[in-house]
There are 2 protein chains.
Amino acid sequence: MARDAATTRARILEAATTEFAARGIAGARVDRIADLAGCNKALLYTYFGNKEQLFDAVFAGLVRRLVVDNPIDAEHLDEYAGRLLDYNAAHPEIVRLALWDRLERDGAGMRSAELLATDAAKAAAIAEAQSRGVVSTRFSPETAMGLITVISSMLPFVQPADGARLRAAVTTAVDRLLR
Amino acid sequence: MARDAATTRARILEAATTEFAARGIAGARVDRIADLAGCNKALLYTYFGNKEQLFDAVFAGLVRRLVVDNPIDAEHLDEYAGRLLDYNAAHPEIVRLALWDRLERDGAGMRSAELLATDAAKAAAIAEAQSRGVVSTRFSPETAMGLITVISSMLPFVQPADGARLRAAVTTAVDRLLR
DNA sequence: TCTCCTTCTAACTGGTTAGTTACAAATCTC
DNA sequence: GAGATTTGTAACTAACCAGTTAGAAGGAGA
């Protein structure tokens with residue numbers, strides 16, 4: 001076994017992502033994560049503290065990547081929503097983890113100063129686009145963001161297996177709502 | 001103690017609703033449900049079989065009430081969405097239970113023949129309204145239902161504490177999308 | 001090669017949990 | 001009011017599970 005702390009940490013995070021996405025915090029089993037990561041259970045505790053802190057690490061990492069990989073484009077919110085949809089299709093764990101976080105911890109993982117700041121920045125970008133007349137003022141910037149989130153992230157969740165038609169529906173909906 | 005099977009069953013269902021809505025299936029504790037219902041744990045098993053079947057009973061009952069209490073009005077889908085929003089605000093357990101069901105059981109509770117039939121009936125009502133020109137044909141009936149669901153049930157979930165402004169946003173959004 | 005430090009493991013622990021059982025008490029029937 | 005049935009309980013059990021511990025194995029520097 002490659003004795004390398006960084007690699008082992010990464011393997012644990014990957015295994016934990018799978019397990020937490022599938023079963024949530026209460027349903028996840030520490031032994032299952034260790035088995036999947038191919039390492040001893042005790043390492044989870046030396047590297048991450050405990051089960052919930054491991055969830056924190058997993059979730060914070062994925063959310064950070066989601067935010068970095070999907071910068072907002074307030075001029076073309078429909079395409080932004082389409083890209084979010086594609087991203088969620090390619091990384092189905094993220095939406096599931098976010099839902100577990102809301103349900104099991106009242107959204108504790110979404111309240112980091114960092115994430116609140118990027119949320120505020122997105123709202124500001126929309127507000128600015130509204131002031132220039134590029135985006136409709138029908139909705140507040142915050143509500144507009146909420147609508148985009150809900151349509152791009154939750155619609156495939158309540159309507160599974162819709163495929164290519166779904167993407168058209170998402171961009172059409174966002175265009176219709178916010179232009 | 002009032003020795004009455006029907007009443008006891010009802011108390012168990014009520015307690016289980018609270019516990020399952022708060023913690024999900026994996027997180028729920030059978031002892032906690034029994035305590036809250038003020039009865040012996042063994043009664044849950046004599047009346048409902050096991051923990052998961054108890055969840056089934058809780059969820060099926062609430063979904064049935066939701067469907068009965070909120071008939072679709074394809075002529076005024078914006079108001080229909082507004083009513084769903086109000087209903088969810090008054091009964092916050094339902095959305096949570098539906099999410100637990102999706103996450104923990106891949107939506108098994110939403111696949112009853114009864115519920116599939118009412119879903120089909122709703123889609124048919126929308127299709128009929130579309131053919132009369134009352135509802136836009138921008139989206140398929142199924143996608144239209146999905147959009148209504150997501151906006152009336154999930155928007156308050158991702159945007160907590162918005163209040164009266166939220167209702168206006170929901171009706172405006174549905175009107176804009178489907179009229 | 002000796003020593004120190006990091007990485008890793010097997011085995012254990014104490015508390016928890018879903019589900020069961022054997023039995024008691026209330027209610028119903030006749 | 002006797003006997004059968006329904007409704008309820010206390011105590012138990014076997015499995016499970018998060019977290020710990022004591023110490024082994026590997027590597028780096030001298």
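A side-chain hydrogen bond (donor to acceptor under 3.5 Å, both in side chains) check over residues 124-133 of chain B, counting only residues at least two apart or in different chains, returns the pairs B:Glu75-B:Arg132, B:Glu128-B:Arg132.
A sub-4.0 Å separation between OP1 or OP2 of D:dT21 and a side-chain N or O of A:Tyr45 is absent. A:Thr8 has a side-chain polar atom (N or O) that falls below the 4.0 Å cut-off from OP1 or OP2 of C:dC8. Taking only side-chain nitrogens and oxygens, B:Arg29 comes nearer than 4.0 Å to OP1 or OP2 of C:dA18.
Side chain of B:Asn40, nearest nucleotide from D:dT20, C:dT20, D:dA10: D:dA10. Closest contact between the side chain of A:Ala42 and the listed nucleotides C:dT7, C:dA18, D:dT20 involves D:dT20. Side-chain proximity of B:Lys41 to C:dC8, C:dA18, C:dT9: nearest is C:dA18.
The distance from atom CG of A:Leu43 to atom P of D:dA24 is 17 Å, rounded to the nearest whole Å.
B:Ser112 meets the side-chain contact (heavy atoms from CB on, under 4.5 Å) test with B:Glu114, B:Leu115; sequence neighbours excluded. When the side chain to side chain donor-acceptor pair (under 3.5 Å) test is applied to B:His76, the partners found at least two apart in sequence or on another chain are B:Asp73.
When each of A:Cys39 and B:Ala26 is assigned the nucleotide of DNA chain C bearing its nearest heavy atom, the one mapping closer to the 5' terminus is A:Cys39.
Under the salt bridge (Lys or Arg N to Asp or Glu O under 4.0 Å) test applied with A:Glu19, the options A:Arg29, A:Lys51, A:Arg32 reduce to a single match, A:Arg32.
When the local axes at the two ends of the helix from C:dT1-D:dA30 to C:dC30-D:dG1 are compared, using 5 base pairs at each end, they differ in direction by 10° after rounding to 10°.
Atoms CG and CD, on A:Leu36 and A:Glu14 in that order, are 7.5 Å from each other to the nearest 0.5 Å.
Classified by interplanar angle (parallel below 30°, tilted 30° to 60°, perpendicular above 60°), the ring pair B:Phe55/B:Phe20 is perpendicular.
For the pair A:Asp175 (side chain) and A:Thr171 (backbone), a donor-acceptor distance under 3.5 Å is absent.
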Anything under 3.5 Å between a protein N or O and an N or O of nucleotides 24-26 of chain C, put it in a table, one pair a line.
| unit_1 | atom_1 | unit_2 | atom_2 | d |
| --- | --- | --- | --- | --- |
| C:dA25 | N3 | B:Arg3 | NH2 | 3.4 |
| C:dA26 | O4' | B:Arg3 | NE | 3.4 |

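Using a 4.0 Å heavy-atom distance criterion, A:Ala28 is classed as a sugar-phosphate-only contact.
Between B:Lys122 and B:Glu142 no salt bridge is recorded (no basic side-chain N to carboxylate O distance below 4.0 Å).
Applying a 4.0 Å cut-off to non-hydrogen atoms, the residues of residues 48-62 of chain B that approach DNA chain C are B:Asn50, B:Lys51, listed by residue number.
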